[in-house]
Amino acid sequence: RKDNIIVSGGIKMQIESMENLLRSNISSNFAITAVPDPKFGEAVVLLVESTDPETDVSESTRQRWFARLPKY
């Protein structure tokens, strides 16, 4: 992305700000990006690197990560 802004449902989100809020809670390498979404225009995606392809992030871990982000 040229501007590092994701617009989802009319709300602008700055990728670096979200990554900075999550950095203290995610020990693996990660990145935030977007995919096209028919309803919202773009959907935010969190990519987390893992050495084990069978590893899945638990729901409680996801909830803890996303609790760090503001509502918008």
Side-chain angles (χ1 to χ4, degrees):
R1 297 191 57 90
K2 188 175 183 178
D3 57 6
N4 290 331
I5 301 285
I6 297 171
V7 180
S8 182
I11 298 170
K12 292 183 180 180
M13 295 169 268
Q14 214 274 338
I15 292 174
E16 285 87 0
S17 295
M18 290 189 288
E19 288 175 341
N20 288 336
L21 291 170
L22 293 172
R23 190 162 282 120
S24 63
N25 284 22
I26 303 175
S27 57
S28 302
N29 292 328
F30 71 95
I32 294 177
T33 189
V35 294
D37 184 273
K39 182 175 181 180
F40 298 110
E42 293 179 298
V44 178
V45 177
L46 174 64
L47 302 171
V48 181
E49 182 180 59
S50 174
T51 56
D52 181 2
E54 299 299 316
T55 300
D56 191 18
V57 177
S58 71
E59 181 63 26
S60 63
T61 299
R62 283 194 297 269
Q63 291 296 326
R64 191 176 70 243
W65 290 347
F66 293 120
R68 304 273 307 156
L69 299 173
K71 183 175 180 179
Y72 293 104

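What you see is a predicted model; the values in this text were computed from it and never measured.
- Between Leu46 and Phe66, the shortest heavy-atom contact is CD2-CZ, 4.2 Å.
- One hydrophobic cluster, built from ILVMFWY side chains closer than 4.5 Å, cannot hold both Ile11 and Val45; they sit in different ones.
- For the pairing with Phe30, the side chain to side chain contact (heavy atoms under 4.5 Å, CB included) check across Val48, Leu47, Asn25 returns one residue only, Val48.
- Residue Glu59 holds its CD atom at 4.5 Å from CZ of Arg62, rounded to the nearest 0.5 Å.
- Listed by chain and residue number, Ile5, Val7 satisfy the side-chain contact (heavy atoms from CB on, under 4.5 Å) test with Lys12 (two or more places apart in sequence, or in another chain).
- When all heavy atoms of Ala43 and Ser8 are compared, the closest pair comes out as CA-OG, 4.3 Å.
- Rounding to the nearest 0.5 angstrom, the gap separating the CG atom in Leu69 from the CD atom in Glu19 is 11.0 Å.
- With rounding to the nearest 0.5 Å, the separation of OG in Ser24 from CH2 in Trp65 is 12.0 Å.
- Side-chain heavy atoms closer than 4.5 Å link hydrophobic residues (I, L, V, M, F, W, Y) into clusters, and following such links, even through other members, never connects Ile15 to Phe40.
- Smallest separation of non-hydrogen atoms from Leu22 and Arg68: CD2-CB, 4.4 Å.
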